[in-house]
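Here is how names work: the chains are called A, B, and so on, in the same order as the sequence lines, proteins then strands, and each is numbered from 1. Any value given below was found using the heavy atoms of this structure, including those in side chains, with hydrogens, waters and symmetry copies removed.
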Protein chains: 2
Amino acid sequence: MKPSGTVLAAWRLLLESHRRLASQMDHDLREAHDLPLDWYDVLHQLNTSGGRLRMHELSAATLFSRTDCTRLVDRMAAAGLVERERASEDRRGVYAVLTPAGKDRLRAAAGSHLDDIQRLFGDHLRAEEIAALESGLARVVNAAENLAAT
Amino acid sequence: MKPSGTVLAAWRLLLESHRRLASQMDHDLREAHDLPLDWYDVLHQLNTSGGRLRMHELSAATLFSRTDCTRLVDRMAAAGLVERERASEDRRGVYAVLTPAGKDRLRAAAGSHLDDIQRLFGDHLRAEEIAALESGLARVVNAAENLAAT
DNA sequence: CCAATATAATTGCAAATGAAACTAATGCTC
DNA sequence: GAGCATTAGTTTCATTTGCAATTATATTGG
């Protein structure tokens, strides 16, 4: 089935808002905290998962490829924000572990980044639009997850 | 001001739905038509603009950087989908022009791509959610545009 | 009118990316 | 418990990207 004009318009707006906001936020984070948005994402995911994740869990959480995670962790480890730790229960495995410095850096950046989310995104939406985004996109994401799991 | 939990959730869902759907759609387009999503985007924008755009207009329409446009057009010209044409009214300028082959390729790919948009996105949204996405994100994009224009 | 400045597009270089090959350890089956 | 398939993670290679510098043309202020 073909999408209606409104579905198409909504999809294009989602694409455009993502591109504009993501690049603006990346720019702001680099400017203010010398932290790429990708790094912020990794720090955030680690932090909300108790500070340690296996590489493949990090990949699933951030939606970066395994390859990408390997190299993000490389660079972030060089910058002292995370550490690698071999898994004791599975000797193939590696944990990415948030360091205290990484936690500090995240805390420092979180304030202005959250402000950015509000300023660039939240400020322009009505409560019922936010609710609609949340419920609708949750279903979209869910369906995509199931598809990917196949 | 800090975003409320629902704003934050909505933002994260927007990020996640974009990543999942864009990569799925890119994959499907390559699979079925050997056409990266970026190329589709360029063909689409050219087509909806009468088949010819100055490089900087293409950049504004697609939100790819000027550099990126130069090189996308390079590769697509090598594949015969577009042509470069020096602008007669401004000799610095270059038009990217859709070729008949490019138009054909777009037409061929559009069908399955539109199906994808419906299947992955539209099918999971209620009419009022689509309307909310459309109106809300239009305001978000607008605000971001004005900011960028500064 | 012409020097200074701005704009259009490309290019060189360093960094980031993705797919597929590779290494190592585990699990599964007979 | 030996062999085969699977899973975890990294690495290699070719491609892509982004920033800053470059080239060429247009515009503007004195």
Side-chain angles (χ1 to χ4, degrees), chain A residues 18-20 22-31 34-42 46 52-79 81-97 148-150, chain B residues 18-20 22-31 34-42 46 52-79 82-97 148-149:
Chain A
H18 173 269
R19 277 191 207 171
R20 286 191 184 276
S23 79
Q24 181 68 45
M25 288 179 190
D26 183 58
H27 179 270
D28 292 348
L29 267 176
R30 286 173 195 267
E31 189 94 356
D34 195 28
L35 196 68
L37 185 54
D38 291 354
W39 289 29
Y40 182 91
D41 224 29
V42 169
L46 282 175
R52 36 194 296 113
L53 284 174
R54 289 284 295 265
M55 295 303 284
H56 70 277
E57 295 172 324
L58 182 62
S59 168
T62 57
L63 300 183
F64 294 132
S65 66
R66 285 175 258 70
T67 300
D68 231 350
C69 283
T70 293
R71 287 190 279 213
L72 275 169
V73 169
D74 277 352
R75 290 170 225 144
M76 292 175 67
L81 305 182
V82 299
E83 272 172 4
R84 278 167 203 283
E85 190 182 300
R86 296 212 80 84
S88 51
E89 76 280 15
D90 179 345
R91 285 192 298 182
R92 293 168 303 181
V94 172
Y95 282 95
V97 184
T150 320
Chain B
H18 173 269
R19 277 191 208 169
R20 286 193 184 275
S23 80
Q24 181 69 43
M25 287 179 191
D26 183 58
H27 179 270
D28 291 348
L29 267 176
R30 285 173 195 267
E31 189 95 356
D34 195 28
L35 196 67
L37 185 54
D38 291 354
W39 288 30
Y40 182 92
D41 223 30
V42 169
L46 283 175
R52 34 194 295 112
L53 284 174
R54 288 285 294 267
M55 295 303 283
H56 69 275
E57 295 172 325
L58 181 62
S59 168
T62 56
L63 301 183
F64 294 132
S65 67
R66 284 174 259 74
T67 301
D68 229 350
C69 283
T70 293
R71 287 190 276 216
L72 274 170
V73 169
D74 278 351
R75 290 171 225 142
M76 293 176 67
V82 300
E83 273 173 4
R84 279 168 201 284
E85 190 183 299
R86 296 213 80 83
S88 50
E89 76 280 15
D90 179 345
R91 286 192 298 182
R92 294 168 303 183
V94 172
Y95 283 95
V97 185

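The distance between atom CD of B/Glu31 and atom C1' of C/dA19, rounded to the nearest whole Å, is 14 Å. In this structure, A/Arg86 atom CZ and C/dT26 atom P are separated by 10 Å, rounded to whole Å. Going from atom CG of B/Asp68 over to atom P of C/dA16 covers 16 Å, rounded to whole Å.
Rounding to the nearest 0.5 Å places NE2 of A/His56 at 9.5 Å from CZ of A/Arg92. The distance from the CG atom of A/Leu63 to the CG atom of A/Asp68 is 11.5 Å, given to the nearest 0.5 Å. Between atom OG of residue B/Ser65 and atom CZ of residue B/Arg71 there is a gap of 8.0 Å, rounded to the nearest 0.5 Å.
Heavy atoms of A/Asp26 sit nowhere under 4.0 angstrom from any nucleic acid atom.
The salt bridge (charged side-chain N to carboxylate O under 4.0 Å, His left out) test with B/Arg30 singles out one residue from B/Asp26, B/Asp34, B/Asp28, and that residue is B/Asp26. For the side-chain hydrogen bond (donor to acceptor under 3.5 Å, both in side chains) with A/Arg52, the qualifying choice from A/Glu85, A/Glu83, A/Glu57 is A/Glu85, the only one to do so.
Taking a heavy-atom distance under 4.0 Å as the criterion, the stretch of DNA chain D touched by chain B extends 5' to 3' from D/dT16 to D/dA26.
Between the side chain of B/Arg19 and the backbone N or O of A/Phe64, no donor-acceptor pair lies under 3.5 Å.
Mapping A/Arg91 and A/Arg75 onto DNA chain C by nearest heavy atom places A/Arg75 closer to the 5' end of the strand.
A salt bridge is absent between B/Asp38 and B/Arg75; no separation between the charged side-chain nitrogens and carboxylate oxygens falls under 4.0 Å.
A/Val73 is linked by a side-chain contact (heavy atoms from CB on, under 4.5 Å) to A/Met55, A/Leu58, A/Val82, A/Arg84, A/Ala96, counting only residues two or more places apart in sequence or in another chain.
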task = Go along nucleotides 6-11 of chain C 5' to 3' and tag each nucleotide: B for a protein heavy atom under 4.0 Å from its base, S when only backbone or sugar atoms are that close, - otherwise.
result = -BSSBB

